[in-house]
Amino acid sequence: IPTIYGDGGPLVHIPDDVTIPQFLFDQHHPLGGEALHSRSPTYFVDDATGRQINGEEIRARVFGLANALHIRWAIGNGDVVCIFGPNSVDYPTVIWATHRLGGIFTGANPAYTVDELVYQIQTSKATVLFIHPDCLKVGLEAARKAGIRDDRIALFDAVPGNPHVTIGELVKEGLTQPRRYVEPQLRPGEGKTKVALLLFSSGTTGRPKAVMIPHFAVIANCIQMKQCTDMRDADMPNDQKLYSVGDVGLGVLPFYHIYGFVVSLHFFLFCGMSLVIVSKFNFENMLKSIQRYKITHLTLVPPMVVLLCKHPAVKNYDLGSVKLMACGAAPVSAEITRQVAQVLKNSWIAQGYGMTEIGSISRFFPEADNRVGTMGSAGRLIPGAACRILKADGTWGGYNETGHLIITAPSIAIGYLDNPEATAETFKDGWIYTGDEGYVNEKKEIFILDRIKELIKVRGFQVAPAELEGHLLDHADIADVCVVGAPDDFSGELPFAFVVLHDNVRQRVSKSPVDEERLRQDILKHVSDHKTQYKWLAGVEFVDAVPKNASGKLLRRFARDRLKEGLKD
Ligand code: 4UV
């Protein structure tokens, strides 16, 4: 089978007998991590307060929290700890303390509704919940419904009148007692099977599933990305290196998503960078932070890049410190790429393509005379990754041939938790069937042309059509439904529903435009009452039927074609 390999191989050694925090803080790897040991650099800066936290403090906090989690709740091998909150300087402490005990981290979107959080807690089998004060009400209600014991809830910060223990108290408790836990040591190879985190993805079809990501995958991804940039930096003078110790990254992408988790958090630290941690995205605040902290690396999603091009406030800030802007998680147009290069005049403009099931797949390899790479490309396949092209006729293609992108890398996940059927569909013989259609040119640049899986991407977030369809079918008036992504300039896509009403309802509303509009509003509300905002429907169209194949599978292309026609009828 023709296979296209990422440039810059062969890969250096990837340790397979350590956990993520052991790799970052306890080991000396030839490619990086030196800065984490040799001095006490600032790891994190709290964007809101300017508070700086250095490596020594983080290590102490991780130890204290791990000790307390063990003493209080006997957290150990395989136990799942859920974080429900935005990025914060304590967020990584919870992750690494969990890992030090052999536990597993799962992070939920802080904007989730009770139902959505209950689903994540139950699917991941979390038994401990850390809640940020901003999402206390939803967090507590979901914990009760999902069966998390009230004495296994901790808060990021104290809330007046609330009795739950805080991270600060736990850390103190753990630090004032002798070490009680024994940190599990992995056998050679065990890093590949030991799950570190459960992040959610709907894969090619169906509802969101917990992706089992092992320690080795995250470690491998950091090494792959570092090897790829080191190759280029080797010949560069110090002031032109892409990643240098002392650089400052913007930590605005959520740590509960693979992009923020591997790139902003772990990879940046591995490079010896500091991270400015932003809990709430606000565009003007972001501009202020770039200027205030002289941020050198931006890791963004397309709507943020669109704002950089179009927002009137941009001209009021000095963004000259930025030397690398990376955008990923959804497509960004060539026009926007061109425009943002005018805004960030000192910066390389990069695109990356990734997936929860693999992590980072491609990145931009800067070339001396070209700041933006090849227009329209999602970056070059990184060292260690390999790609095969499955063409529509079922045969395998080579360079420049379009087809389904089938990808492997040392960073691939193990599969979906408790879901062998979905795992078998996406993970085949060590290869991931990405559900993306595209091609790769001789420079190993990937071009994504279309998505053949069911997924909708709103501002980089996953929306599973099956989740919304299942919820819409609970509405008393709806007989059948098909949800697809409608193109949107800012968000990339927005969910749109084609709805088949029960006969009696259809007869009733077809006589009265007012009744029809009222029902449409009611359906929109049915979603907005139960789902977080980025899943809200942009519109509802009533149709007589949604086409299905003989086995009852929705033929979504009809809906997409209909949207393209502009719903003319
Ligand atoms: O599972 P997920 O939500 O994962 C992501 C991950 C994005 C990353 C991760 C690490 C990086 O270094 C980086 O640059 C980006 O989004 O959704 C996976 C699907 O999102 C679409 C594509 O359909 C994936 O299967 N997607 C992700 N990146 C791009 C993209 C892109 N650059 N262009 C087009 N589609």
Side-chain angles (χ1 to χ4, degrees), residues 6 107 109 197-205 208-211 213 217-218 220-222 224-226 228-229 249 253-268 270-271 297-305 324-334 336-337 349-365 373-382 384-385 387 404-407 409 411-413 416 426 432-439 445-464 485 492-493 534:
N109 186 327
L197 60 158
L198 296 169
L199 300 187
F200 279 67
S201 167
S202 58
T204 39
T205 177
K209 295 170 268 289
V211 183
I213 301 170
V218 177
N221 221 201
C222 287
Q224 289 175 276
M225 288 188 268
K226 189 70 166 60
C228 139
T229 42
L253 295 187
F255 297 151
Y256 57 80
H257 185 262
I258 191 75
Y259 188 15
F261 185 90
V262 295
V263 181
S264 308
L265 182 56
H266 291 88
F267 175 58
F268 281 3
F270 186 58
C271 293
H297 290 69
L298 298 179
T299 315
L300 307 177
V301 290
M304 300 174 178
V305 180
L324 179 70
M325 186 227 69
C327 179
V332 61
S333 70
I336 290 294
T337 307
I349 306 296
Q351 249 205 86
Y353 161 60
M355 196 174 160
T356 308
E357 291 83 343
I358 323 182
S360 191
I361 298 166
S362 71
R363 327 213 78 219
F364 169 59
F365 292 35
T374 304
M375 282 295 172
S377 163
R380 283 161 77 170
L381 208 54
I382 61 176
C387 181
H404 187 169
L405 301 172
I406 316 295
I407 292 174
S411 59
I412 61 171
Y416 301 112
T426 298
I432 303 278
Y433 283 58
T434 63
D436 293 314
E437 189 177 79
Y439 66 94
E445 288 170 326
I446 297 188
F447 293 78
I448 311 281
L449 301 177
D450 200 1
R451 208 176 292 133
I452 40 190
K453 57 188 164 189
E454 283 180 1
L455 182 63
I456 301 169
K457 278 245 146 159
V458 181
R459 291 184 277 122
F461 290 116
Q462 287 204 6
V463 178
E493 289 178 289
Y534 65 84

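When a ligand or atom number is given, it counts from 1 through the structure's own listing order. The chain is numbered in sequence order, starting from 1. Side chains included, hydrogens not; waters and symmetry mates left out as well; all remaining heavy atoms used.
Under 4.0 angstrom from ligand 1, there are no non-hydrogen atoms of I361. Counting heavy atoms under 4.0 Å from ligand 1, residue K453 touches it through the side chain alone. Contact annotation for D436 and ligand 1: only side-chain heavy atoms (C-beta onward) come within less than 4.0 Å of the ligand. Contact annotation: for A330 versus ligand 1, heavy atoms closer than 4.0 Å belong to the backbone alone.
Here T434 contributes atom OG1 and Y353 contributes atom OH; the two are 4.0 Å apart, rounded to the nearest 0.5 Å.
For atom 9 (C) of ligand 1, the candidate residues are G354, G352, G435; the nearest heavy-atom contact is made by G354. Here the shortest heavy-atom distance to atom 34 (C) of ligand 1, taken over G438, A378, P331, belongs to P331.
Ligand-side atoms of ligand 1 in range of I258: 4 (O), 6 (C), range being under 4.0 angstrom from any heavy atom. With ligand atoms numbered from 1 in the order given, ligand 1 contributes 32 (N) to contacts under 4.0 Å with heavy atoms of Q351. Of all atoms in ligand 1, listed by their number and element, those nearer than 4.0 Å to a heavy atom of Q462 are 1 (O), 2 (P), 3 (O), 17 (O).
The ring-ring contact (aromatic ring centres under 6.0 Å, His included) test applied to Y259 returns no partner, not counting sequence neighbours.
Summarising the geometry of P302 relative to P331, their closest heavy-atom pair is CG-O, 3.5 Å, with the distance given to 0.1 Å. In terms of heavy atoms, A210 sits closest to F200 at CB-CZ, 3.7 Å.
Closest to atom 28 (N) of ligand 1, if we only count protein heavy atoms, is A329 N, 3.2 Å. Residue, atom and distance of the protein heavy atom nearest to atom 1 (O) of ligand 1 are T356 OG1, 2.6 Å. In terms of protein heavy-atom proximity, atom 19 (C) of ligand 1 is closest to K457 NZ, 3.9 Å. The protein heavy atom nearest to atom 12 (O) of ligand 1 is S360 OG, 2.7 Å.
Just one residue in the list R380, E445, Q351 forms a side-chain hydrogen bond (donor to acceptor under 3.5 Å, both in side chains) with T374, and that residue is E445.
Residue contacts with ligand 1: H257 is included, with a non-hydrogen atom under 4.0 Å away.
Judged purely by atom type and a 3.5 angstrom limit, S377 has no side-chain atom pairing as donor or acceptor with the backbone of F447.
Using cut-offs of 30° and 60° on the angle between ring planes, the pair H404 and Y433 is perpendicular. The aromatic rings of H297 and F268 sit perpendicular to each other, their planes meeting at more than 60°, with 30° as the lower class boundary.
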Item checked: S201/Q462 under side chain to side chain donor-acceptor pair (under 3.5 Å): CA gap, chis, key distance, verdict -> CA-CA 7 Å; S201 167; Q462 287 204 6; 3.1 Å; yes

